[in-house]
> 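Right, I'll just put the structure down here and ask away after.
In this text the structure is predicted, and so the values were computed from the model without any measurement.
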Amino acid sequence: MFLGAAILGLVGVQRIRGRSYLRLPRGAGWASVGLAGSALVLAVVLPPIIRPDASATRPSSSARLHFISPHPGESFRGEPASVTVRLELVGGRIVPFTSTRLQSDEGHIHLFLDGALVSMSLVLSRSLDVEPGRHLLQAEFVAADHGPFDPRVRTSVAFQVVER
């Protein structure tokens, strides 16, 4: 990327100054300088994003999480139905703060309904309004920074909502 930025920058500056690449329109010189700047930014920004870093490792947790309700395959009635969600967390505790000082037994609960995040919660019990259909509810105990533990501490349950 750095080499590409240098070449694009050189071509652009030479064309803008009228010293070479005279067959290129002057606007192409400015575009080349702009692309050189973009390539330079990408050369600095992309490597930490696409390359795993040792400092980006996630903490592990021995906590366990499971659903008390709903039960697997349970049916609810309504349009929408009020589904009571109750979880049990063993070996972990929910903390009311967000922090980058991560502990293996402290975190929050994230609830996902059909893959969409529906709650970032500090409690193990709550109610969800759910439209008719078959659904997959997932719960995850995440670290205090809202990132997942490694391995993840999660559970899921399938249920359905039928019309009245």
> So, for L87 and A139, which heavy atoms are closest and what is the spacing to 0.1 Å?
CD2-CB, 3.7 Å

> Which heavy-atom pair separates A81 from F76 by the least distance, and what is that distance?
CB-CB, 3.8 Å

> For the residue pair S82 / S127, report whether a side-chain donor-acceptor contact shorter than 3.5 Å exists.
yes

> Quick one: does any side-chain atom of R19 pair with a main-chain N or O of Q14 as donor and acceptor, under 3.5 Å?
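A pair under 3.5 Å: no.
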
> To the nearest 0.5 Å, what is the distance between CD1 (I16) and CG (L24)?
11.0 Å

> Looking at every heavy atom in both G9 and A36, which two are closest together, and how far apart are they?
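In terms of heavy atoms, the two residues are closest at N-CB, 3.3 Å.
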
> Report yes or no: do S119 and R126 form a side-chain donor-acceptor pair below 3.5 Å?
yes

> If every non-hydrogen atom of F149 is compared with every non-hydrogen atom of V142, which pair is closest and at what distance?
CE1-C, 3.5 Å

> Calculate, to the nearest 0.5 Å, the distance between atoms CD and CZ belonging to Q160 and R77 respectively.
9.0 Å

> What distance do E88 atom CD and L124 atom CG have between them, rounded to the nearest 0.5 Å?
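Spacing of CD (E88) from CG (L124) equals 9.0 Å.
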
> Are M120 and L65 linked, directly or through other ILVMFWY residues, by side chains that come within less than 4.5 angstrom of each other?
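No.
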
> Check the pair V85, L137 against side-chain contact (heavy atoms from CB on, under 4.5 Å), reporting the backbone distance first and the verdict last.
CA-CA 9 Å; V85 177; L137 183 63; 3.6 Å; yes

> Atom CZ in F112, atom CZ in R154: separation rounded to 0.5 Å?
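That separation rounds to 8.5 Å.
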
> Does L102 belong to the same Ile/Leu/Val/Met/Phe/Trp/Tyr cluster as L122, with side-chain heavy atoms less than 4.5 Å apart forming each link?
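No; tracing contacts between hydrophobic side chains, which count when under 4.5 Å, never links both residues.
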
> Is the shortest heavy-atom distance from the side chain of I94 to the side chain of V123 under 4.5 Å?
no

> Verify the cluster assignment for Y21 and V13: are they in a single hydrophobic cluster under the rule of side-chain heavy atoms below 4.5 Å apart?
no

> Checking E140 against H110: is there a side-chain donor and acceptor pair closer than 3.5 Å?
no

> Among R58, H108, R101, which one satisfies side-chain hydrogen bond (donor to acceptor under 3.5 Å, both in side chains) with D145?
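Per the side-chain hydrogen bond (donor to acceptor under 3.5 Å, both in side chains) rule, the option paired with D145 is R58, out of R58, H108, R101.
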
> In Å, rounded to the nearest 0.5 Å, how long is the span from OG of S121 to CG of L111?
6.5 Å

> Mark yes or no for whether D114, through its side chain, and L136, through its backbone, hold a donor-acceptor pair below 3.5 Å.
yes

> Between V157 and P70, which heavy-atom pair has the shortest distance, and what is it?
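Heavy atoms of V157 and P70 come nearest at CG2-O, 3.5 Å.
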
> Looking at F159, is its backbone amide N or carbonyl O close enough to the side chain of R134 to form a donor-acceptor pair, meaning the two atoms are under 3.5 Å apart?
no

> Donor-acceptor check, side chain of S61 to backbone of S104, threshold 3.5 angstrom: yes or no?
yes

> Working to the nearest 0.5 Å, report the span between CD of E74 and CZ of F67.
12.0 Å

> Could you pull out the closest heavy-atom pair between V161 and E131, with the gap in Å?
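For V161 and E131, the tightest heavy-atom pair comes out as CB-O, 3.5 Å.
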
> Shared ILVMFWY cluster between V95 and L89, side chains joined below 4.5 angstrom?
no

